[in-house]
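One structure is given here, and the rest of the page talks about it.
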Amino acid sequence: MASWEGMQEFAAVADSGSFTRAARRLGISIAQVSRQVGQLEERLGARLLYRTTRQLSLTEAGELYLTHCRQLLESLADAEQAVSQLQAEPQGQLKLTAPLAYGHSHIAPLVLEFMQRYPLLEVSLDLSNQVQDLVHDGYDLAIRIGRLTDSSLMARKLGQRRHHVCASPDYLARHGAPRRPQELLQHQCLQIGNDGWHLQVNGRRQTFRVQGRMRCSTAAPLAEAAVRGMGLAQLPDYYVAAYLESGALVEVLADYAEPEEGIWALYPHNRQLSPKVRLLVDFLADSLAGGACQAGGARQ
């Protein structure tokens, strides 16, 4: 602590041009200010101030030291303010974006719970599969799923997901279970979009075009259709984990499943993570790790 002693008093004297005004600003005695500055000069082995009966000015060493002093004192004030804000109730605006389906089913309910905990917060939640420019569009946080490629963003892993190809026992009893990805063409496949199904064959990712009676933009209806015996579905674990555990769905082609992929919270690299954003990220990480799910663009 000795290296910090006297810095605040010296800076106050230099800024105010007077020991008296510096003492008044700091709320201490003139003698204490003078003693601290004197001890600082003795420790540094250099005179920092020219003192006369009529005026006070900085020496060359004082000018140099004052520049560094101000930077250190400002950093100290910032650190104290950050801790103070962390202890205070979060308030103000938060702007975040998340993928449409996952954001609707998992992120939005958690954000609502977070807002109930902190009623002074105002949240703008954009659910979209379009990858937003966080810095340009003013987002505090983005939730993305998959492999990260944007190195300008900081990332914290919130959890992970894995896709399962599954069907009801009734469907498999009637149509049999596919043993190789090529056999999917012989089955009713419940699809999200038109991208096909991704599986891993001999350590390499391959896309298989499938066909079926039902196509939907979100996963929940397809999980329901699979439970009803309407076909095979390839869905993330957070949609089918409970069905797989209960036996309502059975996994097939497990040997061809792709590795797990991350669920991430992203925020701008050049922006200090504010206490309220840090609180939200911690809350999401704890909540998602405790459920079916478990540091950039990413696949949604």
Side-chain angles (χ1 to χ4, degrees), residues 98-110 127 129 143-147 157-264 284 287-294 298-300:
L100 181 59
Y102 183 75
H104 182 270
S105 62
H106 288 71
I107 300 301
L110 293 176
L127 299 181
N129 289 336
I143 308 301
R144 292 183 186 161
I145 300 174
R147 185 174 54 189
K157 192 173 184 180
L158 301 178
Q160 55 197 24
R161 76 170 183 184
R162 178 173 171 267
H163 281 80
H164 302 262
V165 178
C166 50
S168 70
D170 174 64
Y171 177 88
L172 296 177
R174 288 184 285 115
H175 301 280
R179 298 182 181 277
R180 299 183 305 141
Q182 292 80 358
E183 296 176 17
L184 289 172
L185 288 175
Q186 304 168 18
H187 288 268
Q188 288 288 327
C189 295
L190 310 167
Q191 302 175 68
I192 299 178
N194 300 300
D195 294 336
W197 288 5
H198 305 298
L199 295 167
Q200 190 154 305
V201 180
N202 297 325
R204 299 183 63 181
R205 187 188 203 216
Q206 292 188 21
T207 300
F208 293 87
R209 297 298 170 185
V210 296
Q211 57 189 11
R213 295 171 52 207
M214 183 177 181
R215 192 186 309 273
C216 187
S217 60
T218 58
L222 298 183
E224 177 68 20
V227 169
R228 292 177 180 234
M230 297 174 62
L232 294 162
Q234 185 186 49
L235 297 171
D237 43 18
Y238 42 80
Y239 286 107
V240 297
Y243 294 132
L244 291 171
E245 185 175 353
S246 69
L249 291 177
V250 176
E251 183 173 12
V252 298
L253 300 176
D255 292 341
Y256 297 93
E258 288 194 291
E260 292 175 332
E261 54 188 4
I263 300 170
W264 307 90
L284 292 174
S287 301
L288 294 173
C293 304
Q294 303 294 25
R299 192 171 67 256
Q300 307 301 328

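Quick note: residue numbers are just sequence positions, from 1.
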Nearest heavy-atom neighbours spanning [X] and [Y]:
X	Y	result
Gly196	Arg209	N-NH1, 3.5 Å
Arg180	Tyr256	CG-OH, 4.0 Å
Ser105	Tyr239	OG-OH, 3.3 Å
Pro99	Ile143	CD-O, 2.9 Å
Leu184	Cys189	O-SG, 3.7 Å
His187	His175	CE1-O, 3.6 Å

Any donor-acceptor pair under 3.5 Å from [X] side chain to [Y] backbone:
X	Y	value
Gln188	Arg213	yes
Gln234	His198	yes
Arg174	Gly229	yes
Tyr238	His106	no

Separation between [atom1] of [X] and [atom2] of [Y], rounded to the nearest 0.5 Å:
X	Y	atom1	atom2	answer
Leu232	Leu249	CG	CG	10.0 Å
Ser217	Ile192	OG	CD1	8.5 Å
Trp197	Leu235	CH2	CG	8.0 Å
Ile107	Ile263	CD1	CD1	7.5 Å

(request) Tell me, yes or no, whether the heavy-atom count around His104 atom NE2, taken from other residues, nucleotides or ligands under 6.0 Å, exceeds 12. (result)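 Counting neighbours around NE2 of His104, 12 or fewer heavy atoms of other residues, nucleotides or ligands fall under 6.0 Å, so no.
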(message) Other residues, nucleotides and ligands only: do more than 12 of their heavy atoms fall within 6.0 Å of CD on Gln186?
(response)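 Yes.
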(request) Please say which of His163, Gln200, Arg205 ends up in a side-chain hydrogen bond (donor to acceptor under 3.5 Å, both in side chains) with Glu258. (result)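 Among His163, Gln200, Arg205, the one meeting side-chain hydrogen bond (donor to acceptor under 3.5 Å, both in side chains) with Glu258 is Arg205.
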(message) With a 4.5 Å cut-off on side-chain heavy atoms, are Phe208 and Val201 touching?
(response)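 Yes, side chains in contact.
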(message) So His164 and Arg162, do their side chains get closer than 4.5 Å, heavy atoms only?
(response)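 When only atoms from C-beta onward are counted, His164 and Arg162 do touch, with a gap below 4.5 Å.
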(message) Using side-chain contact (heavy atoms from CB on, under 4.5 Å), reason through Asp237 and Leu244 one step at a time and then give a plain yes or no.
(response) CA-CA 9 Å; Asp237 43 18; Leu244 291 171; over 6 Å; no
